[in-house]
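A short write-up of the structure that comes next.
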There are 2 protein chains.
Amino acid sequence: MPDAADPAPMNARRKFRREGEGRRRQDLIEATLDSVAEYGLQGASLRTIALRAGVTAGLIRHYFPGKEELLQEAYTALVGRMTEQAKAALVMDDASPRQRLAAFVTANLNAPIIDARVFSLWATFIGRASADPALARAHRDGYLGFRNEVEAVVAEVLAAERHQPDASALRHHAIAINAIIDGLWIEGCLAGEMFSPGELAAIGIKAVEAELGLVPLKHDAEK
Amino acid sequence: MPDAADPAPMNARRKFRREGEGRRRQDLIEATLDSVAEYGLQGASLRTIALRAGVTAGLIRHYFPGKEELLQEAYTALVGRMTEQAKAALVMDDASPRQRLAAFVTANLNAPIIDARVFSLWATFIGRASADPALARAHRDGYLGFRNEVEAVVAEVLAAERHQPDASALRHHAIAINAIIDGLWIEGCLAGEMFSPGELAAIGIKAVEAELGLVPLKHDAEK
DNA sequence: GGGCTTGTTGTGCAAGTGTATAAATAGCCT
DNA sequence: AGGCTATTTATACACTTGCACAACAAGCCC
């Protein structure tokens, strides 16, 4: 047990590195989302968040006016990431509309969109929407954007099937399909282990195609 | 300015009435749900809750071991009320299975089940489910109970239509229909004013019947 | 390398938290 | 009516919270 020269003076100030503003803000937002997901809004204190981000609590005030703004930016980042991921499943140029719709449903009902952490965050924030107009608007924008995407694909699918729905029917289809995806998403996030892999997506595709009145495709027969 | 005999001595102790245990517990639970719906879990302090219940904070400890137990009982009460309301729409003995299913969907997509306050509470609590096994189990039980009800009605409907689905198909139908109702419920709670009265129910019924492959009924013709 | 900027730390503070407990009183029992 | 008990109030306490601010040092600029 060598009494080496003490490398850490008892009241030493903590060493730190200066990070760029972009990086720090992103780290703090990520730490905020982690903390909220793990401890809820009540347990996500500035000190908890700072600890997770590897800094001290005081620093947060250097990048955000207050806790509320930090939470708001975190929620905005979350919503942005969610819609971005969801829409990303639609960019398949070389596929038929029906295939694109199926791929969209499949993507939304598997990882990484089916995810308990993201669901926990979504629920925690959305629970405040009715009391917080800013949250409500953020959700509404994301929701309508999502539904418009759905409506566009639905229009393509029906056009390819030589149907010609009026605007009202199109809207109703989009609302229903959006509900199917949302509902199955929730079930998958909350109790993913109750479903076999791909089961939710299969249920979703069948329900969506039934809603649109598409005749079932022949099941990939005997190879 | 008559100096009447001061009816309220300056340091008077607050007057109170003794209520039965059942009544007080119920009042406290209701005040808890109100507070959580309005201020979220973070804003629902014991003092806030007590103020709303018309008592002082100390009393809570007389009926509940701690805050956590109070919240847990409040959530249990909420879930119980929700499932009770939902199932109540199914007791229509003199109707055809298809009518009962339609009534069930309709009931779940109108007030009082479509309700911003209840949704806020549901989301707030469910957001903690992934971190709190007790909450997770409470939800799971409620969900499975609900889904089993749906499955039973679906079986009746299909039987009346001379279909004979196997257990797997039945389960898939129930999951899909549950998702449709859940998804539309959320949309209605979050943005009810975006839909005309009865619109969500109409969308829901159509989607559910499409899922089950029921031929559309003739629309109540001209008149 | 030496100064300067500013990102970062540490400490302090008032307000609010859940919990513990003593004091008071409402209302039943006899 | 008068005592007893359990419900209710009130106060205290240790702790956490968000925020303010002064001290400090990391690393760029010259």
Side-chain angles (χ1 to χ4, degrees), chain A residues 7-32 34-36 38-75 124 128 132, chain B residues 7-32 34-36 38-75 124 128 132:
Chain A
M10 205 166 55
N11 274 352
R13 193 168 248 254
R14 176 179 169 165
K15 296 294 185 218
F16 62 91
R17 264 195 6 183
R18 306 183 129 188
E19 301 281 357
E21 161 160 355
R23 174 64 186 273
R24 270 285 188 249
R25 288 178 65 93
Q26 194 171 327
D27 283 353
L28 284 172
I29 286 179
E30 207 56 45
T32 302
D34 281 343
S35 302
V36 172
E38 190 156 352
Y39 310 110
L41 278 176
Q42 48 175 343
S45 70
L46 290 182
R47 285 165 177 83
T48 304
I49 293 170
L51 180 69
R52 194 161 214 128
V55 297
T56 53
L59 186 60
I60 293 180
R61 279 269 308 177
H62 197 257
Y63 289 106
F64 299 91
K67 192 190 183 185
E68 192 163 341
E69 286 81 2
L70 171 59
L71 286 173
Q72 201 137 314
E73 285 210 33
Y75 179 62
T124 301
R128 306 300 319 127
D132 184 336
Chain B
M10 204 167 55
N11 274 352
R13 195 168 246 257
R14 175 180 170 160
K15 297 294 186 217
F16 60 92
R17 264 196 5 186
R18 307 183 123 179
E19 301 281 358
E21 161 160 355
R23 174 64 187 272
R24 271 285 187 249
R25 289 178 64 92
Q26 195 173 326
D27 283 354
L28 284 172
I29 286 178
E30 207 55 46
T32 303
D34 281 343
S35 301
V36 172
E38 190 156 353
Y39 310 110
L41 278 177
Q42 47 174 344
S45 71
L46 290 182
R47 286 164 176 83
T48 303
I49 293 170
L51 180 68
R52 195 163 214 125
V55 298
T56 54
L59 186 60
I60 293 181
R61 283 267 309 177
H62 196 258
Y63 290 106
F64 300 91
K67 192 190 185 185
E68 193 163 341
E69 287 81 2
L70 171 59
L71 286 173
Q72 201 138 313
E73 285 210 33
Y75 179 63
T124 301
R128 306 299 320 128
D132 185 335

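Naming convention: chains lettered A, B, ... in sequence-line order (proteins, then strands); numbering from 1 in each chain.
Spacing between atom CD of B/Glu19 and atom P of D/dT9 amounts to 11 Å, rounded to whole angstrom units. Between the P atom of D/dG18 and the CG atom of A/Leu41 lies a distance of 11 Å, rounded to the nearest Å. With rounding to whole Å, B/Arg17 atom CZ is found 10 Å from D/dT8 atom P. Counting to the nearest Å, the P atom of C/dG7 and the CG atom of A/Asp27 are 15 Å from each other. When the C1' atom of C/dT8 is taken as reference, atom CD of A/Glu21 falls 14 Å away, rounded to whole Å. One atom, CG of A/Leu70, and another, C1' of D/dT17, lie 15 Å apart when rounded to the nearest Å. A straight line from OH of B/Tyr39 to P of C/dT17 spans 12 Å, rounded to a whole angstrom. In this structure, B/Arg18 places its CZ atom 15 Å from P of D/dC4, rounding to the nearest Å.
For A/Arg17, the salt bridge (Lys or Arg N to Asp or Glu O under 4.0 Å) criterion is met by A/Glu19, not counting sequence neighbours. In this view, A/Glu30 and A/Arg81, A/Arg117 satisfy the salt bridge (Lys or Arg N to Asp or Glu O under 4.0 Å) rule, not counting sequence neighbours. Partners of A/Glu68 by salt bridge (Lys or Arg N to Asp or Glu O under 4.0 Å), not counting sequence neighbours: none found.
Judged by atom type and distance alone, A/Arg13 does not reach the base of D/dA25 through any side-chain donor-acceptor pair under 3.5 Å.
When each of D/dT9, D/dA6, C/dG10 is scored by its nearest atom to the side-chain atoms of B/Arg14, the top-ranked nucleotide is D/dT9.
Using a 4.5 Å heavy-atom cutoff, the side chains of A/Leu71 and A/Phe64 are not in contact. In this structure, the side chains of B/Arg23 and B/Asp27 come closer than 4.5 Å at one or more pairs of heavy atoms. Using a 4.5 Å cut-off on side-chain heavy atoms (C-beta onward), B/Leu28 and B/Ile60 make contact.
Judged as a side-chain hydrogen bond (donor to acceptor under 3.5 Å, both in side chains), the pairs with a partner in residues 50-66 of chain B (not counting sequence neighbours) are, in order, B/Glu38-B/Arg52.
Contacts of residues 42-49 of chain A with DNA chain C (heavy atom under 4.0 Å): A/Arg47. The stretch residues 50-63 of chain B comes close to DNA chain C through B/Arg61, each having a heavy atom under 4.0 Å from the strand.
Here the closest heavy-atom approach between residue A/Val36 and residue A/Ala44 is recorded as CG2-CB, 3.8 Å.
For A/Glu69, the CD atom counts as densely surrounded, since its 6.0 Å shell holds more than 12 non-hydrogen atoms of other residues, nucleotides or ligands.
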